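Worksheet: the structure to be examined is printed underneath.
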Protein chains: 2
Amino acid sequence: MADFPHYMTIGVVSKRTGCKVETIRYYERVGLLAAPVRSLGGHRHYDHDALKRLNFILRARQLGFTLDTVRALLSLADGEGKSCAEVEGIAGNHLAEVRGKLEDLAVLEKVLTDMVARCRGGTMPDCPLIEALFEDGTAGRRDGGN
Amino acid sequence: MADFPHYMTIGVVSKRTGCKVETIRYYERVGLLAAPVRSLGGHRHYDHDALKRLNFILRARQLGFTLDTVRALLSLADGEGKSCAEVEGIAGNHLAEVRGKLEDLAVLEKVLTDMVARCRGGTMPDCPLIEALFEDGTAGRRDGGN
DNA sequence: CTTGAACCTGTAGTTACTACAGGTATTAGG
DNA sequence: CCTAATACCTGTAGTAACTACAGGTTCAAG
């Protein structure tokens, strides 16, 4: 009944999604969100679809997808169906990356834990952790680096 | 006997450490490496200490310390002894961060694995992975995020 | 009609490098 | 001694994904 507006200002969208106003504008600039309609004065007015799309982006970002990948995902989503295999491919790649990072971090955690443990005992003449850092350090190298 | 030079050019340092030339210059610019002596023509000449210091930096970076933290670590290292507790503090904080990331990534890995698994089966009308991304997605949130 | 909050654009800063462009030094070979 | 190839030099701009202003306009409430 009451005719409160069927659009949302950028501030409202921000509050509903937890995404900062600047970030929303940024997503528009880089082409992830369509430019919304504007009020006479130039303020952005969003509808419910825009909210959905932004939530999609945010969720994908939470899962660690890059913006480029999100863009790809969105265009597949827009294409409706028949893209499932492609989506799976993208997600699978990303999953592999995540697993790689997970392994790296696990190694890291171990090395750091050891270092900190060796350090306990307080004020020694030479901190064993510092010494360890001065040592050669071919610890967890995974490749020569690009 | 032979008097081959006791210094190294930046290229040699690069090869010995695996650190790119540009990165070495960068570390100098941001104050992690002291400016080395120069040849008459302006080329940088490094001694063995510089190499040690660079290795320290690289090792710390490998362990995920930020450059700011490396700076702090280096100044503690220069201070000799009596800093062990501080070093331990810094490393301990970093370790906590690493453990946090590790947990986040583990959650991520699980979610992604589930998604990809649901996707298997190929060409369905609506890709379940895409659908999942459109869903609310308050999955692994750890804080409001600054 | 006034005020204060929310909005606008555009630019610059963040992290830790990396990649030029355009020019000079060094060194190995002839 | 000269030359050509390589390595080096400076300075600037680009990368990812935002974030943070500055300086101005619009909106909604009272």
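Note: hydrogens, waters and symmetry copies are ignored here, and every other heavy atom, side chains too, is used. Lettering of chains follows the sequences in order, A, B, ..., and the numbering in each one begins at 1. Note that the structure is a prediction, hence the values are computed from the model and not measured.
If you take CD of A:E28 and C1' of D:dA17, they are 17 Å apart, rounded to a whole angstrom. In this structure, A:R29 atom CZ and D:dA17 atom C1' are separated by 11 Å, rounded to whole Å. In this structure, A:I10 atom CD1 and D:dT19 atom P are separated by 13 Å, rounded to whole Å. When the P atom of C:dC17 is taken as reference, atom CZ of B:R71 falls 11 Å away, rounded to whole Å. Separating the OH atom of A:Y7 from the C1' atom of C:dC7 is a distance of 12 Å, rounded to the nearest angstrom. Atom C1' of nucleotide D:dT19 and atom CD1 of A:I24 are separated by 14 Å, given to the nearest angstrom.
Remark: B:D49 engages no residue in a salt bridge (charged side-chain N to carboxylate O under 4.0 Å, His left out) (not counting sequence neighbours). Every residue meeting the ring-ring contact (aromatic ring centres under 6.0 Å, His included) condition with A:F56, not counting sequence neighbours, appears here in chain and number order: B:F134.
Listed in residue order, the members of residues 34-46 of chain B having a heavy atom less than 4.0 Å from DNA chain C are B:S39, B:G41, B:H43.
Under the salt bridge (Lys or Arg N to Asp or Glu O under 4.0 Å) criterion, no residue pair touches residues 9-18 of chain A, with sequence neighbours excluded. Applying the ring pair (Phe, Tyr, Trp, His ring centres under 6.0 Å) definition to pairs two or more places apart or across chains, those involving residues 92-115 of chain B are B:F65-B:H94. Applying the side chain to side chain donor-acceptor pair (under 3.5 Å) test to pairs two or more places apart or on separate chains, those with a residue in residues 22-43 of chain B are B:E28-B:R44.
Close to D:dA20, at under 4.0 Å from its OP1 or OP2, lies a side-chain N or O of A:K20. For the OP1/OP2 pair of D:dC9 and a distance below 4.0 Å, the side-chain nitrogens and oxygens of B:R25 include at least one atom meeting the criterion. Of the side-chain N and O atoms in A:T66, none sit less than 4.0 angstrom from OP1 or OP2 of D:dA16. Proximity of B:Y27 to the phosphate of C:dC17: a side-chain N or O atom is located under 4.0 Å from OP1 or OP2. The phosphate of C:dT18 has OP1 or OP2 within less than 4.0 Å of a side-chain N or O from B:T23.
Nearest heavy atom pair, residue B:L133 against residue A:L63, reads CD2-CD1, 3.8 Å. Shown here for A:L108 and B:Q62, the closest heavy-atom pair between the two residues is CD1-O, 3.4 Å.
Each of B:T9 and B:Y26 lies near DNA chain C, and the nucleotide nearest B:Y26 is the one positioned closer to the 5' end.
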